[in-house]
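Contents: one structure, followed by commentary.
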There are 2 protein chains.
Amino acid sequence: MSTTPLIHVVDDDDSLRTALLRLLGAAGFEVRGYASTGDFLLYPLPDRPGCLLLDVRMPGPSGLELQAALQRQGVALPVIFLTGYADVADSVRAMKAGAVDFLAKPVERAALFDAIQRALACDAVQRTARQEAEQLRARFASLTLRERAVFDRVITGKINKQIAEELGIAERTVKMQRAQFMVKLGVNSVAELGRLAERLRRLSD
Amino acid sequence: MSTTPLIHVVDDDDSLRTALLRLLGAAGFEVRGYASTGDFLLYPLPDRPGCLLLDVRMPGPSGLELQAALQRQGVALPVIFLTGYADVADSVRAMKAGAVDFLAKPVERAALFDAIQRALACDAVQRTARQEAEQLRARFASLTLRERAVFDRVITGKINKQIAEELGIAERTVKMQRAQFMVKLGVNSVAELGRLAERLRRLSD
DNA sequence: GTGACTATTGGACGAAGGGGCACTATTGTT
DNA sequence: AACAATAGTGCCCCTTCGTCCAATAGTCAC
């Protein structure tokens, strides 16, 4: 069920990165180290719980640029920054972009583990939310255009007769399509249908 | 309709505060200046759109402490920090606590107005969300215990007969209470009722 | 006790939803 | 050309819902 979290460490300082990997590994996490932004982006990201410990200043693309790139790609992996240079502008930019924390090197063990815990909690919430959204979208994607048209009108409270007239079809047909998408959506009552519709609407806006 | 936003400026530096007030006033905002955290907290906060420009280091309670106090009181006024001392720890703490931005003095006009614009947008979103939540809660608060019991079962798709048996009352009575809360909640169909129920559930968790 | 008020109930009728059965038209397949 | 497969339809029956008219029982103030 619960896979052990995978923690990615991106830092060009070999000795620090190795120390971090050892520390986190000893704490029971699965870990992967990368010496640069490019190394990290080289292979596709496995779809599993985790977070990213990211150095800010490195040869090549900076940690901030990596964070922005991940955002553009729609990757929601929580990021914890580690930096040796105290730069307020960097920290603010990172936090505005959604970083979980921004820690100064040398980082204290307690602060690091606290940040990781928050990052993993954040990731877990995001993952379940995304998963539920996917399931919901999938269910609605199986509806035909006609069924979807009837659905849209049912959830606004219209009665079959009105729907039939609006769509230029027989009331009997409305009943059929209605019954069909009730099965497809896995609901047994109009009330549940309305709740499902509201959950779908939340995803859109 | 749209009140001009009210911008609060808390800074112990009289000349800077005055300059900020003049600048923002000239830009069309309504402004109020405070020389300390205490001054700001002295009077109740008017309930209107706005944001808070807050210095970090001041004699007495710091800006960060004020931010924390506002959070504890449930005040959601967006905060933009201004600081003369570049301190990464402060900036991270402020941003983690939800600050809109954290700007170094001397602050550029463009950066300031950009931050203010984002803060006001954020405030507007929060205010409408809170207002809708209030209205929703108010509508549900008008339901009697019995009506609420029937409501809970209607939205799970139970039919009147089942509800009547569960609650130990006649089906006829269920119908009546059902009609009553439909009026109270201002909906015309079970589908809308379900959507309303889902919106209410969102507020709880 | 009396009257006002609320909650609850019974019976009945029309409107609406749900679904079974059979027919038709269109489309794609062999 | 013959043959499914599918969507749309008409007819009919049953259940459920919404509502009107009326009646009963409990509570509270005076």
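Throughout, a chain's letter reflects where its sequence line sits, starting with A, and its residues are numbered from 1.
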Atom pair CD/CZ of Glu147(B) and Phe140(B) - distance to nearest 0.5 Å: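 Rounded to the nearest 0.5 Å, the CD-CZ separation comes out at 12.0 Å.
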Could you list all N or O pairs between the protein and nucleotides 4-6 of chain D that sit under 3.5 Å apart?
none

Phosphate OP1/OP2 of dG8(D) contacted by Gln177(A) side-chain N/O (<4.0 Å):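 For dG8(D), OP1 or OP2 has a side-chain N or O of Gln177(A) closer than 4.0 Å.
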Is the number of heavy atoms from other residues, nucleotides or ligands under 6.0 Å of [X] [atom1] greater than 12?
{"X": "Arg202(A)", "atom1": "CZ", "answer": "yes"}
{"X": "Gln117(B)", "atom1": "CD", "answer": "no"}
{"X": "Gln126(A)", "atom1": "CD", "answer": "yes"}
{"X": "Lys161(B)", "atom1": "NZ", "answer": "no"}
{"X": "Leu145(A)", "atom1": "CG", "answer": "no"}
{"X": "Glu165(A)", "atom1": "CD", "answer": "no"}

For nucleotides 16-19 of chain D, print each protein N/O atom paired with a nucleotide N/O atom at under 3.5 Å, atom names and distance only.
| from | atom 1 | to | atom 2 | distance (Å) |
| --- | --- | --- | --- | --- |
| dT16(D) | OP2 | Lys161(B) | NZ | 3.2 |
| dC17(D) | OP1 | Asn160(B) | N | 3.4 |
| dC17(D) | OP2 | Asn160(B) | N | 3.3 |
| dC17(D) | OP2 | Asn160(B) | ND2 | 3.4 |
| dG18(D) | OP2 | Arg178(B) | NE | 3.3 |
| dG18(D) | N7 | Lys175(B) | NZ | 3.3 |
| dG18(D) | O6 | Lys175(B) | NZ | 3.2 |

Separation of atom [atom1] in [X] from atom [atom2] in [N], rounded to whole Å:
{"X": "Leu167(B)", "N": "dT9(C)", "atom1": "CG", "atom2": "C1'", "value": "15 Å"}
{"X": "Ile163(A)", "N": "dG8(D)", "atom1": "CD1", "atom2": "C1'", "value": "16 Å"}
{"X": "Phe181(A)", "N": "dA7(D)", "atom1": "CZ", "atom2": "C1'", "value": "16 Å"}
{"X": "Asn188(A)", "N": "dG17(C)", "atom1": "CG", "atom2": "C1'", "value": "15 Å"}

Which heavy atom of Thr4(B) sits nearest to which heavy atom of Arg48(B), and what is that distance?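 Distance-wise, the nearest heavy atoms are O-NH2, 2.5 Å.
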How close do Val88(B) and Ser91(A) get, heavy atom to heavy atom, and via which atoms?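 In this case the closest contact between Val88(B) and Ser91(A) is CG1-CB, 4.0 Å.
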Distance-only polar pair, side chains of Ser189(A) and Glu192(A), donor-acceptor under 3.5 Å: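 Yes - a donor-acceptor pair under 3.5 Å links their side chains.
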Ionic contact status for Arg17(A) with Asp12(A), cut-off 4.0 Å: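 No, Asp12(A) and Arg17(A) are not salt-bridged.
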Could you identify which residues of residues 139-152 of chain B place a heavy atom less than 4.0 Å from some atom of DNA chain D, listed by residue number, or say none?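 Within this stretch, nothing sits under 4.0 Å of the strand.
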